[in-house]
Amino acid sequence: MKKKFFVILSFILFISILFVGCVKNDKTEENREGKTIDTHQFNLFLDEENNRLRGSQKVFYHLPDDGLEHIAFQLHANAYKDVAVSEDEIKSAYPDGISFGGIEIFSVKVDEEVVAPEFCGKNEVIMEIPLSSKKCYNEEIEIEIDWEITFPKIKHRLGVWNGVYNLGNFYPVPCVYQNGFVTNDFYTLGDPYFSDIANFEFDFDIPSQYTLACGGALSEITPLEKGRKNVKFKGEKMRDVGFVLSDKFVMRSAMVDDCKITYYYLEDKTPVDTINHVKTALEFFEDTFGEYPYKSYGIAQAPFAFGGMEYSGFCLVSPHEKQEDYFYTLTHETAHQWWYSKVGNNQILESWLDESLTEFSTFYFYKNKSEKTYKSLVEKAYDNYIFYSGITGKTGEGSEVENSLEKFTSYSYYYNVYVKGALMFDSLYKIKGETFISALCDYGEKYAFSISNRKKFINSLENSLQCELESYFAPWLEGKVLICKY
């Protein structure tokens, strides 16, 4: 007997009537606030003998408000002063035992004046830089920060393992300003990051045998003395920048129109198939959700215990997966170039806006390759969530798709954000069809290089679909949806 799946919502009949065509006329918020994009310039030196990275960073920062007394930065690297994973992930992330790292700030200057920053948050993951005089909105100041990172021996976003250096979420990042600086502690689940777009320029001094895997343009490589070289990198309108350094990379490349895809791999028996899959995914998402925002896309295999991690124009992935799972991860990370990089959101408070939407986008990619594969993915998602809710008993409170990372466990985060959240979007797709996909494209273009939130997202879809949608999303996001099958 063919299985059927049902999503039982409170007021489902009422919602069905609403979808016929009622229009909500509320104005959406503007997606660009007029603030000049900041520029970050880095001079970095990799000390591979001591597993350290020395950095000199300049930020040409444009003030987000009048009369600020300080500017807040996130020091994500200091998360590694402590165990950076949950207890059940320690063995996979720290195969040789727990190792610690972090970032030491040597000096900070504002417009060439030395200042004394204050550090706060757990493990000092927040740095507040004082301003000696009150300035005006959008006024540019120059912030100079000298620092040094000690790499932990860990298979994580930031770390070193078997001579491969992962550089993700490593440099001091200005906090997003929303009527005050948005700061947060580090969480061992999800992606506890939130940032504006910026322009970036990097000068790397690295050993000559190393390859820098990245997602932007390597404009110049210059030999240096003592077996080293200088590598220059530049990227524009990037939400975050990540790199992987290794002396073992093999490289392959492909083109999608004017965009160069570069695949940096450590072990892959079918690298041509891999890069062709990435090429297909990038082409598909560009055709579906709008223009890919960068001139290049880099994919790097790395010692990483969690599958994959997205950055602007770049992702790192673990090579230790079956091809089917590996390709799925690559598809998911590629979709993040639209939902996280091009359109940003607060990943601590509203992780569903990028992760759930990205997971649904991955479903949709496979639907266009194989209806059978798509149906299998959706059926598996239902089965997995029903199994999870049956084991935990969480069908109401505790089953919210929208929640702060601090309120999730690693299991509830995965099943509610990745699984249930994807089903939330898939159910709406089944109701609205391809017009929903067009609405997502409209949303992506409207909030390109900006920051979205629940209200902006729903209002954008309502305007595109010409119907009220808050009453659809609210039960899902607030844990009032019961998923069952028979």
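All residue numbers refer to positions in the sequence shown, counting from 1. Because the structure is a prediction, the values reported are computed rather than measured.
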Q: Indicate whether any N or O donor in one side chain lies under 3.5 Å from an N or O acceptor in the other, for Tyr413 and Asn403.
A: no

**Q.** Parallel, tilted or perpendicular, as decided by the 30° and 60° cut-offs, for the rings of Tyr340 and His336
**A.** perpendicular

Q) Relative to each other, are the rings of Tyr326 and Tyr263 parallel, tilted or perpendicular (30° and 60° limits)? A) tilted

Q: For the pair Phe42 and Phe200, name the ring-plane relationship: parallel under 30°, tilted 30 to 60°, perpendicular over 60°.
A: parallel

(Q) If we check side-chain contact (heavy atoms from CB on, under 4.5 Å) with Asn123, which of these qualifies: Leu75, Asp82, Asp185? (A) Asp82

Q. So, does Gln337 use its side chain to make a donor-acceptor pair with the main chain of Tyr311 at under 3.5 Å?
A. yes

**Q.** Worked check of side chain to side chain contact (heavy atoms under 4.5 Å, CB included) between Tyr328 and Leu377
**A.** CA-CA 11 Å; Tyr328 189 92; Leu377 288 170; 3.9 Å; yes

Q: Answer yes or no on whether Arg228 is positioned over the face of Phe45, meaning its NZ or CZ is under 6.0 Å from the six-membered ring centre and within 45° of the axis.
A: yes

**Q.** Ring-ring centroid check Tyr429 Tyr364, cutoff 6.0 Å
**A.** yes

(Q) Counting C-beta onward and ignoring hydrogens, is there a side-chain heavy-atom pair between Trp352 and Leu357 closer than 4.5 Å? (A) no

Q. For residues Asn50 and Asp47, is any side-chain donor paired with an opposing acceptor at under 3.5 Å?
A. yes

Q. Salt-bridged, Glu148 to Arg52, with N to O below 4.0 Å?
A. yes

**Q.** Student check: side-chain heavy atoms of Tyr193 and Asn169 closer than 4.5 Å
**A.** yes

**Q.** 4.5 Å side-chain heavy-atom contact, Asp258 and Lys295
**A.** no

Q.
What I'd like to find out is whether the side chain of Val317 reaches to under 4.5 Å of the side chain of Phe306, using heavy atoms alone.
A. no

Q.
Donor-acceptor check, side chain of Thr329 to backbone of Asp325, threshold 3.5 angstrom: yes or no?
A. yes

(Q) Show, in sequence, the C-alpha distance, side-chain angles and deciding distance for Arg157 and Asp191, and conclude whether the salt bridge (Lys or Arg N to Asp or Glu O under 4.0 Å) test is met. (A) CA-CA 10 Å; Arg157 300 179 184 95; Asp191 299 332; 2.9 Å; yes

Q.
Quick check on side-chain contact (heavy atoms from CB on, under 4.5 Å): which of Pro293, Ser450, Ser452 does Val343 satisfy it with?
A. Ser452

Q | Within the 6.0 Å centroid threshold, strictly below: Tyr80 and His156 | A | yes

Q. Hey, are the side chains of Ile149 and Phe170 touching, using non-hydrogen atoms and a 4.5 Å cut-off?
A. yes

Q) Salt-bridged, Lys367 to Glu371, with N to O below 4.0 Å? A) yes

Q.
If we count only N and O atoms by modelled type, under 3.5 Å, do the side chains of Asp240 and Ser312 hold a donor and an acceptor together?
A. no

Q) Partners of Lys342 by salt bridge (charged side-chain N to carboxylate O under 4.0 Å, His left out), sequence neighbours excluded? A) Glu445

Q.
Quick check against the 3.5 Å criterion: does Ser318 have a side-chain atom that pairs as donor or acceptor with the backbone of Gly307?
A. no

Q.
Using a 3.5 Å distance criterion without hydrogens, assess whether the side chain of Lys432 forms a donor-acceptor pair with backbone atoms of Ile437.
A. no

Q) In terms of ring plane angle, is the pair Phe360 and Phe436 parallel, tilted or perpendicular, where the classes change at 30° and 60°? A) tilted

**Q.** Minimum heavy-atom distance Leu158-Gly168, with the two atoms named
**A.** CB-O, 3.7 Å

Q. Would you say Asp426's side chain and Ala422's backbone share a donor-acceptor pair under 3.5 angstrom?
A. no

Q.
Quiz question: by atom type and distance under 3.5 Å, do the side chains of Glu350 and Asn453 form a donor-acceptor pair?
A. no

Q: Taking atom types as modelled, find out whether Glu359 and His332 have a side-chain donor-acceptor pair closer than 3.5 angstrom.
A: yes

Q | Ring centroid separation Tyr443 to Phe457 under 6.0 Å | A | yes

Q | Any donor-acceptor N/O pair, Glu355 side chain to Val417 backbone, under 3.5 Å | A | no

Q.
Donor-acceptor pair, distance only, cut-off 3.5 Å: does the side chain of Ser404 make one with the backbone of Lys407?
A. no

Would you give me the side-chain donor-acceptor pairs under 3.5 Å for residues 55-62, sequence neighbours excluded?
| residue | atom | partner | partner atom | Å |
| --- | --- | --- | --- | --- |
| Ser56 | OG | Asp146 | OD1 | 3.1 |
| Gln57 | OE1 | Trp147 | NE1 | 3.0 |
| Gln57 | NE2 | Pro172 | O | 3.1 |
| His62 | ND1 | Asp38 | OD1 | 3.1 |
| His62 | NE2 | Glu140 | OE1 | 3.1 |

Q.
When you compare the side chains of Ser86 and Glu89, does any donor N or O come within less than 3.5 Å of an acceptor on the partner?
A. yes

Q | Exercise: do Trp338 and Ser361 side chains pair donor with acceptor under 3.5 Å | A | no

Q. Will you find, in the side chains of Thr183 and Gln74, an N or O donor that is under 3.5 Å from an N or O acceptor?
A. no

Q. With a 4.5 Å limit on heavy-atom distance, are the side chains of Leu44 and Asp205 in contact?
A. no

Q: Taking Asp268 for its side chain and Pro319 for its backbone only, find out whether a donor-acceptor pair lies under 3.5 Å.
A: no

Q) Are the side chain of Ser370 and the backbone of Thr373 linked by a donor-acceptor contact shorter than 3.5 Å? A) yes

Q: Identify whether NZ of Lys or CZ of Arg in Lys237 sits under 6.0 Å from the centre of the six-membered ring of Phe449 and within 45° of that ring's axis.
A: yes

Q. Short question: side chain of Gln301, backbone of Glu267 - any donor-acceptor pair under 3.5 Å?
A. yes

Q. Any luck finding a side-chain donor-acceptor pair between Glu220 and Thr222 under 3.5 Å?
A. yes

Q: Assess whether ring pair (Phe, Tyr, Trp, His ring centres under 6.0 Å) is satisfied between Phe243 and Phe314, documenting all intermediate values.
A: CA-CA 8 Å; Phe243 306 95; Phe314 182 69; 7.1 Å; no

Q) Strictly by modelled atom types, are Ser389 and Tyr415 linked by a side-chain donor-acceptor pair under 3.5 Å? A) no

(Q) Walk me through whether Asn162 and Lys248 qualify under side chain to side chain contact (heavy atoms under 4.5 Å, CB included). (A) CA-CA 10 Å; Asn162 287 342; Lys248 302 177 180 66; 5.6 Å; no

Q: State, with a plain yes or no, whether a side-chain heavy atom of Cys259 is found less than 4.5 Å away from one of Leu282.
A: yes

Q: Evaluate the criterion ring pair (Phe, Tyr, Trp, His ring centres under 6.0 Å) for residue pair Tyr414 and Tyr388; output intermediate values, then yes/no.
A: CA-CA 10 Å; Tyr414 172 77; Tyr388 162 76; 9.0 Å; no

(Q) Below 30° counts as parallel, above 60° as perpendicular, anything between as tilted: where do the rings of Phe285 and Phe289 land? (A) parallel

Q) Under a 4.5 Å cut-off applied to non-hydrogen side-chain atoms, are Val83 and Val85 in contact? A) yes

